[in-house]
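Below, all heavy atoms of this structure are taken into account, side chains as well, without hydrogens, waters or symmetry copies.
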Amino acid sequence: MFVAGVPAQAMAADGSWTPVAWSAKIGFGNDVDIYGAGARWNLTPRADFFAANQLELRLDLTAAYWRGMGRPTPYGHLWDFGLTPLVRRTWPARGGMQYYVEGGIGPHALTATRINNSRKFGIAFQFGTIVGAGIVFGPRHEYDVGLYFEHVSNARLASDNWGLSYPGVVFRAALP
């Protein structure tokens with residue numbers, strides 16, 4: 001049995017905190033390169049709404065290195081750590097593949113409040129909003145590749161709120 005790209009046996013049915021998949025991502029926006037990795041968990045919602053609408057709840061933990069391309073600058077890089085609950089909808093497709101769309105909002109922590117000379121974040125606590133779409137493939141639907149768009153900003157909690165918006169590509173693989 002498969003659940004949107006992750007074999008059911010890979011799910012943490014025993015309630016453990018073992019992730020079901022890992023990911024690698026890359027993006028670019030506002031003169032910043034983004035390179036990241038993450039882990040994913042499948043959550044079991046208690047609402048019938050999710051099951052009735054074929055929606056799944058996921059949780060992504062990510063770490064990303066942001067490299068500023070503006071030169072010269074003393075603010076050339078930072079790290080971004082995020083925890084994002086996501087809602088995913090998957091549809092079957094021909095050839096054993098599946099299509100999906102997903103989106104979510106979650107907290108992020110930055111190791112610096114500035115990158116390049118002009119991009120200021122005000123505070124290290126941020127919110128990340130992400131939307132994406134992609135395909136699930138492989139003999140056991142254990143891989144997925146997708147395009148996403150992410151925006152990270154402080155939601156006007158501080159006067160400096162430049163934020164960072166960028167498109168990217170993500171690859172995920174289910175853990176055995």
Side-chain angles (χ1 to χ4, degrees), residues 4-6 19-43 45 50 53 55-91 97-137 143-173:
V6 179
V20 296
W22 65 269
S23 64
K25 70 179 191 174
I26 186 168
F28 178 80
N30 305 111
D31 267 349
V32 178
D33 288 339
I34 297 95
Y35 307 96
R40 172 166 277 188
W41 290 264
N42 290 340
L43 304 177
F50 283 90
N53 292 289
L55 299 173
E56 298 165 300
L57 191 58
R58 311 286 177 102
L59 183 65
D60 277 4
L61 177 65
T62 58
Y65 177 76
W66 294 9
R67 183 177 67 164
M69 303 306 289
R71 298 287 184 260
T73 182
Y75 312 103
H77 63 90
L78 62 83
W79 285 90
D80 168 25
F81 300 96
L83 184 64
T84 308
L86 295 150
V87 175
R88 179 185 263 203
R89 172 68 162 94
T90 305
W91 295 271
M97 291 192 302
Q98 298 174 325
Y99 299 109
Y100 70 86
V101 295
E102 64 185 5
I105 299 172
H108 285 241
L110 305 180
T111 58
T113 58
R114 194 168 178 177
I115 195 162
N116 292 328
N117 287 328
S118 60
R119 189 139 311 262
K120 300 175 186 177
F121 302 104
I123 57 176
F125 179 75
Q126 305 284 306
F127 291 97
T129 305
I130 189 166
V131 294
I135 59 170
V136 179
F137 61 97
Y143 307 111
D144 83 54
V145 65
L147 301 174
Y148 69 90
F149 182 81
E150 187 162 13
H151 174 74
V152 177
S153 73
N154 68 35
R156 298 185 186 186
L157 294 175
S159 58
D160 288 327
N161 186 31
W162 282 78
L164 184 72
S165 298
Y166 61 94
V169 175
V170 64
F171 173 78
R172 287 184 199 89

Beyond-backbone contact of [X] with [Y], side-chain heavy atoms, under 4.5 angstrom:
X: Val87; Y: Leu57; result: yes
X: Thr84; Y: Thr62; result: no
X: Leu164; Y: Phe121; result: yes
X: Leu147; Y: Val169; result: yes

Given 3.5 Å as the limit, does a donor-acceptor pair link the side chain of Arg71 with the main chain of Gly68, or not?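 Yes; at least one donor-acceptor contact below 3.5 Å.
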Is the side chain of Asn161 donor-acceptor paired with the backbone N or O of Ser153 at a distance under 3.5 Å, no angle test? no
Got a sec, which residues hit side chain to side chain donor-acceptor pair (under 3.5 Å) with [X], two or more places apart in sequence or on another chain?
X: Asp160; answer: none
X: His77; answer: none
X: Tyr148; answer: none

Let me confirm one number: the [atom1]-[atom2] distance from [X] to [Y], rounded to the nearest 0.5 Å.
X: Arg88; Y: Leu55; atom1: CZ; atom2: CG; answer: 12.0 Å
X: Asp60; Y: Leu86; atom1: CG; atom2: CG; answer: 5.0 Å
X: His108; Y: Phe127; atom1: NE2; atom2: CZ; answer: 10.0 Å
X: Phe125; Y: Leu157; atom1: CZ; atom2: CG; answer: 7.0 Å

To check you understand the geometry: which heavy-atom pair defines the closest contact between Trp162 and Ser118, and what is its length? CE2-O, 3.5 Å
For residues Ala39 and Pro19, report the shortest heavy-atom separation together with the two atoms involved.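 So the two residues come closest at CB-CB, 4.0 Å.
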Does this structure show an ion pair linking Glu56 with Arg40, if we count only N-O contacts that are shorter than 4.0 Å?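 Looking at Glu56 and Arg40, the cut-off is not met.
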Would you say the side chains of Thr73 and Asn117 form a donor-acceptor pair under 3.5 Å? yes
Geometric class of the Phe137/Phe171 ring pair [parallel <30°, tilted 30-60°, perpendicular >60°]: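 If you compare the ring of Phe171 with that of Phe137, the planes turn out tilted.
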Mutual orientation of the aromatic rings belonging to Phe81 and Trp79 [parallel < 30°, tilted 30-60°, perpendicular > 60°]: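 Rings of Phe81 and Trp79: parallel, as their planes differ by under 30°.
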Take atom OH in Tyr99; do more than 12 heavy atoms of anything else shown fall under 6.0 Å from it?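 Counting other residues, nucleotides and ligands, OH of Tyr99 stays at 12 neighbours or fewer.
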Please, which pairs that meet salt bridge (charged side-chain N to carboxylate O under 4.0 Å, His left out) have at least one residue in residues 20-34, sequence neighbours excluded?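 Only Lys25-Glu150, Asp33-Arg67 qualify under salt bridge (charged side-chain N to carboxylate O under 4.0 Å, His left out).
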Taking side chain to side chain contact (heavy atoms under 4.5 Å, CB included) as the definition, give me every residue that meets it alongside Ala158, ordered by chain and number, with sequence neighbours left out. Ile123, Asn154
Considering residues at least two apart in sequence or located in another chain, which fulfil the ring pair (Phe, Tyr, Trp, His ring centres under 6.0 Å) criterion with Trp91?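 Trp91 satisfies ring pair (Phe, Tyr, Trp, His ring centres under 6.0 Å) with no other residue.
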So which of Trp66, Tyr65, Phe28 actually passes side-chain contact (heavy atoms from CB on, under 4.5 Å) with Ile34? Trp66
